[in-house]
Structure formats: structure tokens, C-alpha cells
Amino acid sequence: MDPGEGGSPAAPSTSVAAPGADADTREDAGKQVVVILVGPPGSGKSTFAEAVMAGAAAAGRPWARVCQDTIGKGKAGTKIQCLKAAADALKEGKSVLIDRCNLEREQRSDFVKLGCTVQADVHAVFLDLPAKVCISRSVSRTSHEGNVQGGMAAMVVNRMLKNKQAPLLTEGFSRITFCTDDDDIKKAVDMYSALGPSHSLASGVFGQKSKGPVQTGIMKFLKKADTSSVNKSSGTMVTSSERKTGQQNTTLKQENLEAGGACSMQVEKKLDNLKEKGEQSKERVSSDTSLCTLAFPSISTADFQFDLEKASEVIVDAATDFVQKHDNVRLVLVDLSQKSRILSLVKDKAAKKSFDSSRFFTFVGDITQLHSKGGLQCNVIANAANWRLKPGGGGVNAAIFNAAGEALQHATKECADTLRPGNSVAVPLPSTSPLHQQEGVTHVIHVLGPNMNPMRPDCLKNDYTKGCNVLREAYNSVFENFASIARSYPGKQNDETSSRKSASGVISPNDSKTKREGIDDSERTKKCKLLPSILTSQQHHERKGTNTLSYHDNSMGSSDAPNQAREEDNKKNGGVTNKTWGSWAQSLYEVAMHPEKYKNADSILEISDEFVVLKDLYPKAKRHVLVISRTDGLDSLADVKKVHLPLLRSLHSAGLKWAHKFLEEDASLTFRLGYHSVPSMRQLHLHVISQDFNSPSLKNKKHWNSFTSAFFLDSVDVMDDVDQHGSATINPDEKLLAMELRCHRCRSAHPNIPKLKSHIGACKSPFPSHLLKKDKLLSVSTGRTGCS
DNA sequence: GTTCTAGAAC
DNA sequence: GTTCTAGAAC
């Protein structure tokens, strides 16, 4: 990093500004900074603080470190001692580093106030490392100043992380730096070490990756004297000297949005009024990162010429309905023009409805520059796409593809080839995309709405009955895709945990470890090596060319042949799936098509016209069976349409029947029924799996997360989804499988699989509240069928 | 889906 | 030295 960027550092200041000194004098002397570190034990706060102090000392800059772990004569002290030490240091003209966990807003608010009182810049540096890293480090250290080490450390870290609250600008910070790995931390240390008295760092939120915003140049230095040009160039900067005036409307909007109290539609009107008075109009709107936010354009009302009045009704209905059903999400309808008629119509209609208006509002701005120009942090944006999912064509589609670069085209290609009206597809935006880097957008959801323009494909010729239905389907599809993405955001999971009911009504796993292992062992001896034999059988047929399956008419006998045929079919049908399957992934398909060949194998539990029930060859729990659909052409959930709803219900009923049977044999079990978002094996299959996860075949992170993250879609939800929207909402994000290892009951984090397994063998916490709804869990105590 | 294994982490 | 993960191959 070049600390001289924007001007070389000046000589260290020796003058000390009195607390009451006016701003100009203070700026001459160099602005003091209060840096509040935020992070759990093991996140490296002390290392950070020591490195910055060393850098500052070497450069002769007056900094003080206030460390709660050592403030009591080398031992841990109190918050009050820290506050006093910080106040004293500030009086002496020093900048201050607050080295304590500060994970909750309340814990850090007094330090923020202290900084504001002496008109120092107040910064947060959030050391937001993966829980497992913090736990590993804190468990293994031996001479920690605050004695958070050894076996207790994991518990302490987990408890703290459960309640962590990411810092927000509205707390009074002028700058927040997120560090999610050691590289980020090093950069932040370098930055603060090199911070000269005549420099100040840019205001805003920097380095936040997982929740949307934004890596906007963590290394950027800005000359303090030039605040006016800062505002001109970026439109989002708010320095402390401006807070009295420029931040007025920012604060107004932030408070309203975050408190969820006042109507944000009104807030926008107030903001509009301020704009009319010539005030700064491009302030940061909300730094609330606890809400996953979707920005979406009005669908079909531009080039597709859909009636605005009717469209606005659909938007308001769909959006208000959605935010009422989902926590921790926010929807923002965006249009470029201040005079947008669709925005006014939606605002008017929304004002007449009763809902939490901080979670659905309208916004004037460019959907590709919401963060950098509008200060609105959106994790996900929707794109009014064309049916070929190609760039160009003008409007929002061209703008988004332009802004996102080639990365979006490639990522889109991997997810889908075409789109039908009323459908959407969520595309994870690679981190190489400028839209990801600069605006913090992690996903683009392409959606195709109904068309009323005779010059465009699939014109509905003013059939608004159909048109409104398709438009509603389109919005529902976008919102549900968004909900799936939101579910994978870490903050959401913490919230679910914190709202967990104390009494679950679900029986805990059997206390007797010996008994459990005994059952496992007996099952292992009975295990039939069915699947490899199927593979052998199929390969044998392929070699001999005697396979009766129609796709082997292909002269090459390639196992990819059916995929090619199906890809063609998918394209013809406008479907969005085009997955190819390796030869090893065909076993279930083979069983489903020819179960009679294997009827003597003890792995097959039941065969009907619609399904086959099969013991999983590598069970990931004491009891784990698959209910495999026998419908040819249904490879996975992505292929499921409304017409398959009766089939889904049959699979579910069969799953329930077997779960009940297993519960009769072992009343300590709890079952969950569901599908993998993206299965590894071809042929739609429902997992019926006991929640003990006590199995030697559960070996890695992917196994664990495929059954305990949002990657696992509950059968009841899938049936509802298909019933309401005509298809299942799938989040294809592979990141779900790479997430850190968390207990499926108490959500505590663990550094590796063996440690996780030893924890889940003992954890008696109730299941998270979201699993207790809709009979997603089946146990003797619930005694329910799950049929609706 | 699993197995194998190099190399990272401890 | 041992444990554990993650990527390649099947």
C-alpha cells in the first residue's frame, strides 16, 4: 500500500487540541480517531492493536491502546476503567484503539459517544473471521491476557457470536471496515499504522463481503481538507465535519428504516423535500446489514407495455405478502426517474396497506449503482431479462449485464439457457464482477414477465387475466428465489437460533451412545452393496450393447447420451435445467427404472408404481432411506412442475410411513423429510433421515451441510412451493455446502467434523424454531403425520 | 455419490 | 508424527 496516496504523510503532530477547541484548530492539529475493534476472542484484536501501536510508535504518532484484558494492572478490568482510560488518552490528544470484544451495540455505544463528544472520527474495525478460526485459535492459545483459552473458549466464543451485531453507520461510526480474513486484517493494520495526522480515511462501509456491501477501496486515502470533492466524486461520503448538516437526511432515513417504525414511503417524501431545497441528495440511505435486501425493477411495464395500474397492484400485493411472511428481508422497487409513474402508483397503493413499510419501499436510482451512488446496500438485484438470457436490448437488462461484466454472462450460462414468462433464475454473481466488488451484489435474479407488446415474443394480446397471473408468478418466483438466498446469509441463521423456542416438543436423541453404536453396527453387517452392483450391471450392458434402455440406441453407448437428449427436451420445454450426470450418478435411475431386478436385495424396502424405497447405501444417520420417484425424466427438483404435485405427495406419504415404522423400532429418533437442492445422484429422490446424524458415512462438510443447511429443502415446503408457484424454489449456491460447521440444534460452530460429531452426540438443545413449524420434524412426541 | 491422497493444520 | 480437509478421479 502506498500511504502517500492522496498526499504524503505529514510530520507527526506535537500539538494537543483541548477538548473544547473548535473544528478548524483541531483539523490543523490533525484529527483524533477512536478505532473500536469488534470481534470475538480469537479474532486477533490484540494482534491488530499491537501492530497498529507499533506502527504508530515507529512513526512517532500519539496513539493509545485501551485493552480490557490488561487494564487492571496487567489483568482483566472493567468497561468503566476502559472508558476512563480512553477519555484520558483523548484529552492528551491521542488517537485511541479500543481493544475489547464490543460485539453488541450496547457494549460499544459508550465508546462511540466518547469519541463523538471530543469530535474525534469514530471508526469500527470488525474482525469478522469464520467462527471456527476464532474457536480454534482461542482454544489452543495458552497465555491469553483475559484467560479465554482452553476448553471453555469454544463455549465463550460461540455464546458471543450468537449475539454479535455487525456495526452500523447509524451507531455513530463514520467508517466501518470489515475484515473477513487475515489478508483483510493485514491491510487494515497497514492502513491505520500509516494514518498520518493530516489524513483521514474515507467514510462509509468497507470490505463487507458476505452481506452485500462492498469492497470500495479499503486502501483509499483521502485528504481531509478536500471533503467537498469527496462528496462530488462518490456521492456517499459523510465525514464528521458534515454530520450536523449533510447527514441530516441520511440519519432521518436510516433511523426510520432501521427502527422499522415510520413509513419509509413518507421518509422518501421527506427526502424528496430536502432534495428540492437543494440539499445533498445522494447520501447513504441505510447501513442496516441485518436485512438481506432485494432491489428489483418493475417487470414488464417498460418494453413489454404492461398496464401500469394493474402492474402496481400486482407488485404491492406480492411484495407486501412476501415481507409479511419472511423476516430479515427487505424489498426495494427501483426506477431511474424521479417522475416514475410506476413508483408513484406503488407508493400510493402501498400506503393504503398495513405492513412493515421499512421492509418494502421504493427508491429512485440506477439499479446498478445503488450502493455507490445511492448509499443503498442491496445484496440481490432482479433483472428484467429477455427469454434468451442474453445481454443487450437496452433498459435494465443491458444496464445490468454491462455493469456486471462478462462474469455475469458466464455465470448465467451455467444456471440456465432460457426463461419462460413467469419464471426466474437466481445466478450467483462471481466476486470478479465489478457489480459484486463495487456494489456488493452477490446474486442477480433474472426474471421474465408477461409481454403485451405485439413486437415482442409471446404477446398476450391484452389478455390481462392471464397477464396478471403471469406477472404475479414472475414476482413470486423472484421473491422466493431471493428468500432462498437470504436464508443462506449467516445473520438469518443467528436470528432463527435466537428466536428458538425453549420447549421444542421433540424428543432428544437417545442418551445411550453404546446403544446407538450397537444399532449401527448391526445395520452395517446387513448392508447390501447394491449400488456398485448396479453400476457393474449397467456397465456390463453398455459394453455388450444389450441394455434395454432406449437411450442406449446411441451407437457410442455413452452414458451421457440421455443427458444430451434431456438437455434438448429441456430447451424445447423452456426449462432451466441442463445438468449433466456422471456414470456414477446413474444408480438411482437404474433402480427406479428396473426395481424388479433388485427386488431380492434387502436394501429395497418397497416398490410401487410411483416410487421405490431404498436404504441409502451410505446412510448419514442411524436411519436414512430414499424414496425414489419412478417417473422417467424427473432427474431432480429442478424438473418438478405443478403436474408432479400428486407424485410429491405420494413420495412424502411413503416417507412418512417408513419414518413411523422406524419410530416404532426406536422411539428416540426424530425424522426430517426433504430434498437436496442440487442432488448428486440422478432421479428425483426424497431423503428420510433421522436427525442423530450418527453414522460413520457422514464424513465431511459437504455431507453435513447438505442435510443441515438451506441446501436441504423440507418436503412440506417443496410441496407448498410447487402448489403455489408451479415449481420448487432452488438455491443452487454451492457456498451452502462449504459453510462453516454448525450444530443443527444449537447452531454452535465447530472447527472440524470429528469435533462436530462429538458435540452432536451430546447436544440436547431443542431444534431451531423454523424446523418446529409445519411438522417438518417427526418424532414419537409430535405423533403427527405431516399430511396437509 | 465414494475413494484416494497430497499437503495443510495441529 | 498424526489428524483432517479438499480436490481429482471414478
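In what follows, chains are A, B, ... by sequence order, proteins preceding strands, each numbered from 1.
Around the NZ atom of A:Lys701, the shell of radius 6.0 Å holds more than 12 heavy atoms that belong to other residues, nucleotides or ligands.
By the 6.0 Å and 45° rule, A:Arg745 stacks over the aromatic ring of A:Phe767.
Between A:Glu590 atom CD and B:dG1 atom P there is a gap of 19 Å when expressed in whole angstrom units. The distance between atom NE2 of A:His676 and atom C1' of B:dG1, rounded to the nearest whole Å, is 11 Å.
Under the 6.0 Å cut-off for aromatic ring centres, A:His744 and A:Phe707 do not qualify, their centroids lying 6.0 Å or more apart.
Residue A:His703 is classed as a sugar-phosphate contact, given heavy-atom separations below 4.0 Å to backbone atoms only.
The ring-ring contact (aromatic ring centres under 6.0 Å, His included) check on A:His685 picks up A:His687, with sequence neighbours excluded.
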Annotated protein contacts, base or backbone, on nucleotides 2-10 of chain C with a non-hydrogen cut-off under 4.0 Å, one of B, S, - each:
--SS----B

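Ionic pairing of A:Lys774 and A:Asp720 is present here: one or more N-O contacts between side-chain nitrogen and carboxylate oxygen are shorter than 4.0 angstrom.
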